[in-house]
Amino acid sequence: MDDAFVQATEHRPVSPIAQATGVPVIDLSALAGSTPGAVDALAAEVGAACRDWGFFVAVGHGVPEATVARAVEAGRAFFALPPELKAAVRRTERAPLGYYDAEHTKNVRDWKEVFDFFPHELPSAAPDDELVFVNKWPDDADLPGLRAALEEYAAAMEELALKLLELIARSLHLAPNRLHGFFGDGQTTTYLRMNRYRPCPRPDLALGLGRHKDSGALTILRQDDDVGGLDVRRRTDGAWVRVEPVRGSFVVNVGDVVQVWSNDRYESVEHRASVNSEKERFSIPYFFNPAMATLVEPLEEMVGEENPSRYDAYSWGEFFRIRRRSNFSKLDVDNIQIAQLRKHK
């Protein structure tokens, strides 16, 4: 195994890893035709999970099983393509969508392959723009139905994400649609990713995805139903614990943007993906991100005399571009984090 995959000693996974206990499992079916009181109770449940864990497992979400199955099947078919066909849609440093197998997290190479696309493709970039967000799709003759299956899945994820966003707003005692405007001008940077984690000869040294916090607003993850690998850092003691798959569920975690909007009432969770030596693992994360032009800062409703703003405002578009550039290859320094934008006390 190439040394580029080897984690520093203090960040290597330890086996066996303890299973997370007490993870909030939230049934969202109450959203369908429920009373205002039931929605408020559900929002409180979501708020408690975001405050105490930074994530929760969503069941009763209403996403059709067939939609999920088609996306999973399409993802497996894509990664089974010959290398030359995957290389034909390979991302570049300037065009960061498509297939890639050399992504870095915190300057260590991840043991994975990915395929990314924007459900809402951005308008054509200016000639001098550093990054061009244009989707790359395999030829239909090579993989019929891939695009349709993933676009159907992404549409279902967007519908779910907006419902979750409303619950989070309610949990913070905001107007239900308070956060929606940050996502709706056609410039949203939301993207869908397919992950494949191959069996690894040294799972004690490498990670499928290194430790990190998600930089966007929400992430909705479809875990592999049969092969676990999602680890989170437990808040109470800092230990890494495994979030076992719950069949038919999604793992929902708040990202850094929600942490800033809430002025630290909610905190994004640090997590990673472990690998094993015997079985490949697939997952599909949906990264629900604001529009490029969004200025991210604590919401005015979250700031007061006794709770001043804890973050400087920052351009989401610039932050997003820096993060996308930084995971293409190893850098001399760590990529940007919201901790760098925290105001000094």
Side-chain angles (χ1 to χ4, degrees), residues 24 26 28 30-31 34-56 58 161-185 187-190 212-220 232-238 252-271 287-320 322-323 336-345:
I26 300 180
L28 301 178
L31 287 173
S34 59
T35 64
V39 173
D40 287 341
L42 185 59
E45 197 175 352
V46 167
C50 293
R51 181 189 65 240
D52 299 337
W53 287 85
F55 77 100
F56 58 92
L162 290 170
K163 292 176 182 178
L164 293 168
L165 201 67
E166 178 178 328
L167 289 172
I168 288 173
R170 287 178 179 272
S171 75
L172 292 169
H173 306 292
L174 303 171
N177 64 350
R178 174 66 172 90
L179 305 175
H180 285 48
F182 296 113
F183 299 84
D185 69 349
Q187 292 276 319
T188 177
T189 54
T190 292
H212 68 289
K213 295 184 175 186
D214 290 344
S215 58
L218 293 175
T219 303
I220 305 175
V232 300
R233 191 184 291 277
R234 190 164 49 198
R235 295 263 174 84
T236 53
D237 59 4
V252 179
N253 65 277
V254 298
D256 290 342
V257 168
V258 167
Q259 178 172 331
V260 173
W261 280 340
S262 71
N263 205 28
D264 282 348
R265 284 170 175 79
Y266 300 156
E267 183 181 348
S268 57
V269 62
E270 188 173 19
H271 54 288
F287 299 99
F288 192 50
N289 295 334
M292 278 285 188
T294 302
L295 187 69
V296 179
E297 60 186 332
L299 300 172
E300 59 182 353
E301 298 94 328
M302 298 290 99
V303 175
E305 198 171 304
E306 296 183 0
N307 189 31
S309 172
R310 301 184 181 188
Y311 296 92
D312 292 320
Y314 64 95
S315 162
W316 166 252
E318 182 57 27
F319 190 95
F320 180 74
I322 291 173
R323 291 291 288 261
I336 189 170
Q337 308 289 336
I338 62 165
Q340 298 167 237
L341 304 168
R342 185 182 290 275
K343 293 182 177 180
H344 297 296
K345 294 183 178 179

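This is a predicted model, so every value here is computed, not measured.
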Legend entry - Matching residue for F288 among L164, I220, L162, T219 - test: side-chain contact (heavy atoms from CB on, under 4.5 Å):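 Exactly one option meets the side-chain contact (heavy atoms from CB on, under 4.5 Å) with F288, and it is L162.
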
When you check the gap from the basic side-chain N to the acidic O, do [X] and [Y] get nearer than 4.0 Å?
X	Y	value
R178	E166	no
R170	D40	yes
K213	E267	yes

Inset, instruction - Determine the interplanar angle of the F55 and W53 rings, folded into 0 to 90°, and report it as parallel if under 30°, tilted if 30 to 60°, perpendicular if over 60°. - result: perpendicular

Legend entry - Aromatic contact, W316 with F182 (centres under 6.0 Å): no

Inset, instruction - Ignoring hydrogens and angles, tell me if any N or O in the side chain of N263 forms a donor-acceptor pair with the backbone of P308 under 3.5 Å. - result: yes

Inset, instruction - Please answer whether the main-chain N or O of R51 pairs with a side-chain N or O of R235 as donor and acceptor at a distance below 3.5 Å. - result: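 Yes, the answer is positive, given that a donor and an acceptor are paired below the 3.5 Å cut-off.
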
Inset, instruction - Mark yes when over 12 heavy atoms from residues, nucleotides or ligands other than H173 sit less than 6.0 Å from its NE2; otherwise mark no. - result: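 No, NE2 of H173 has 12 or fewer neighbouring heavy atoms, counting only those of other groups under 6.0 Å.
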
Inset, instruction - Measure the shortest side-chain to side-chain distance between L167 and L31 over non-hydrogen atoms and say whether it is less than 4.5 angstrom. - result: yes

Legend entry - 4.5 Å side-chain heavy-atom contact, D264 and Y311: yes

Inset, instruction - Could you check T190 against N289 for side chain to side chain donor-acceptor pair (under 3.5 Å), going step by step and ending with a plain yes or no? - result: CA-CA 5 Å; T190 292; N289 295 334; 5.6 Å; no

